[in-house]
A.B. asks: 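Take a look at the following structure, please.
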Amino acid sequence: MSYNENNIFAKILKGEIPCKKIYEDQFILSFHDINPQKKIHALVIPKGKYTDLDDFCKNASINEMVGMFKGIEIVAKKLGVSIESGSGYRALTNIGNDGGQEVPHLHFHIFGGEKVGKMVS
Ligand code: 5GP
C-alpha cells in the first residue's frame with residue numbers, strides 16, 4: 001500500500017489538525033489518543049512517511065528505528081507508566097486489515113494507568 005499523504009496523522013504532523021502533544025523530537029511525535037481505551041492511551045508516530053510496521057522495518061533507516069523505540073521509552077517514562085517511573089504498560093501496533101489498523105501511518109499505542117487486560121479479544 002502506498003502512503004496516503006492525507007491520512008489524519010499526516011495532517012497532525014503538518015500541524016493542520018491539533019493534537020494533545022506529549023513529546024516530540026526529530027524522529028517521533030507523541031500525543032494522546034482522541035478516543036482513549038484505557039486511563040492512559042497515547043500514540044507514538046514516526047515523522048517519516050511509513051504506512052505500518054512492515055513498511056517501516058523494510059524502509060526506515062537505522063537512526064529512524066532507534067529513534068522510534070527510544071521515543072516509546074521516553075514517552076512511557078513521561079507518562080509515568082514505564083518500569084522505571086510506574087508499573088508497566090502495553091505497546092501495540094496494528095498492521096493492515098487483519099491487524100485492525102485504521103490510520104495508515106505507523107503508530108504505536110501506549111496503554112496504561114491501569115491493568116490493560118487480555119492480550120487479544
Ligand atoms: P488503529 O486502529 O489504526 O491502530 O488506531 C488508530 C487510533 O487513532 C485510534 O485509537 C483512534 O482513536 C486514533 N485517532 C483517530 N483519529 C484521531 C485524531 O484525529 N486524533 C487523535 N489524537 N487520535 C486519533
Side-chain angles (χ1 to χ4, degrees):
M1 195 214 300
S2 61
Y3 184 80
N4 173 1
E5 300 279 348
N6 289 319
N7 78 74
I8 203 93
F9 293 168
K11 289 183 176 175
I12 287 176
L13 280 169
K14 286 183 264 186
E16 293 171 6
I17 289 179
C19 69
K20 283 170 68 184
K21 192 194 290 188
I22 298 163
Y23 174 76
E24 180 174 15
D25 62 25
Q26 65 175 305
F27 295 112
I28 63 125
L29 175 66
S30 176
F31 47 92
H32 292 281
D33 196 288
I34 204 165
N35 182 23
Q37 302 298 307
K38 291 291 164 193
K39 272 188 189 158
I40 291 175
H41 184 176
L43 298 168
V44 184
I45 72 173
K47 289 197 166 171
K49 296 173 182 177
Y50 301 103
T51 56
D52 52 41
L53 186 64
D54 205 47
D55 181 24
F56 188 73
C57 291
K58 252 183 250 158
N59 298 311
S61 69
I62 299 292
N63 282 346
E64 286 177 303
M65 290 187 185
V66 173
M68 182 84 235
F69 287 102
K70 280 304 290 179
I72 290 172
E73 185 262 333
I74 291 165
V75 168
K77 197 188 295 177
K78 267 185 170 292
L79 291 170
V81 297
S82 70
I83 297 302
E84 191 182 330
S85 67
S87 49
Y89 63 99
R90 179 169 299 156
L92 176 152
T93 186
N94 296 318
I95 304 161
N97 282 339
D98 281 2
Q101 183 177 5
E102 287 170 9
V103 179
H105 180 113
L106 172 62
H107 50 282
F108 280 86
H109 298 258
I110 305 284
F111 298 108
E114 61 183 316
K115 290 267 187 222
V116 175
K118 270 177 66 173
M119 191 150 79
V120 178
S121 59

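Predicted model, so just to flag it, every value in this text is computed and none were measured. Side chains are part of it too, since the values below use all heavy atoms of this structure and drop only hydrogens, waters and symmetry mates. Order of listing sets the numbers, starting from 1, for every ligand and every atom in it. Counting from 1, the numbers follow the sequence of the chain as shown.
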A.B. asks: If you measure from atom 15 (C) of ligand 1 to every heavy atom of Asn7, Ile12, Ile34, which option wins on shortest distance?
C.D. replies: Ile34
A.B. asks: Quick check on the hydrophobic clustering: are Leu79 and Leu29 connected, directly or via other members, by side-chain heavy-atom contacts under 4.5 Å?
C.D. replies: no
A.B. asks: Check Leu106 against Pro46 and note the closest heavy-atom contact, atom names and distance.
C.D. replies: O-CD, 3.1 Å
A.B. asks: Is a side-chain donor-acceptor pair under 3.5 Å present for His41 with His32?
C.D. replies: no
A.B. asks: Has Lys20 got any heavy atom lying under 4.0 angstrom from an atom of ligand 1?
C.D. replies: no
A.B. asks: Go through ligand 1 atom by atom and flag the ones less than 4.0 Å from a non-hydrogen atom of His109.
C.D. replies: 1 (P), 4 (O), 5 (O), 7 (C), 10 (O)
A.B. asks: Any atom of ligand 1 sitting under 4.0 Å from a heavy atom of Gly100?
C.D. replies: yes
A.B. asks: Is Phe31 close to Ile45 at the side-chain level, that is, under 4.5 Å between some pair of heavy atoms?
C.D. replies: yes
A.B. asks: Please could you name the atoms of ligand 1 that Gln101 approaches to less than 4.0 Å, counting only its heavy atoms?
C.D. replies: 3 (O)
A.B. asks: Can you confirm whether Lys115 is buried at NZ, in the sense that more than 12 heavy atoms of other residues, nucleotides or ligands lie under 6.0 Å from that atom?
C.D. replies: no
A.B. asks: Examine the proximity of ligand 1 to Phe9 and report which part, side chain or backbone, both or neither, has a heavy atom under 4.0 Å away.
C.D. replies: side chain
A.B. asks: Say whether His107 and ligand 1 are in contact under the criterion: heavy-atom distance to a ligand atom below 4.0 Å.
C.D. replies: yes
A.B. asks: Which option out of Asp33, Ile8, Ile45, Ile17 puts a heavy atom nearest to atom 10 (O) of ligand 1?
C.D. replies: Asp33
A.B. asks: Spell out, as yes or no, whether a donor-acceptor pair under 3.5 Å connects the side chain of Glu114 to the backbone of Lys39.
C.D. replies: yes
A.B. asks: With heavy atoms of Asn35 as the reference, note each atom of ligand 1 found under 4.0 Å away.
C.D. replies: 12 (O)
A.B. asks: Of all the non-hydrogen atoms in the protein, which one sits nearest to atom 3 (O) of ligand 1, and at what distance?
C.D. replies: Glu102 N, 2.6 Å
A.B. asks: Whether the Tyr23 and Asp25 side chains hold a donor-acceptor pair (N or O, under 3.5 Å, no angle test) is what I'd like checked.
C.D. replies: yes
A.B. asks: May I ask you to list the atoms of ligand 1 that are less than 4.0 angstrom from any heavy atom of Asn94?
C.D. replies: 1 (P), 2 (O), 4 (O)
A.B. asks: Would you call Pro104 and Tyr3 a side-chain contact if the rule is heavy atoms closer than 4.5 Å?
C.D. replies: no
A.B. asks: Is there a heavy atom in His32 that sits closer than 4.0 Å to ligand 1?
C.D. replies: yes
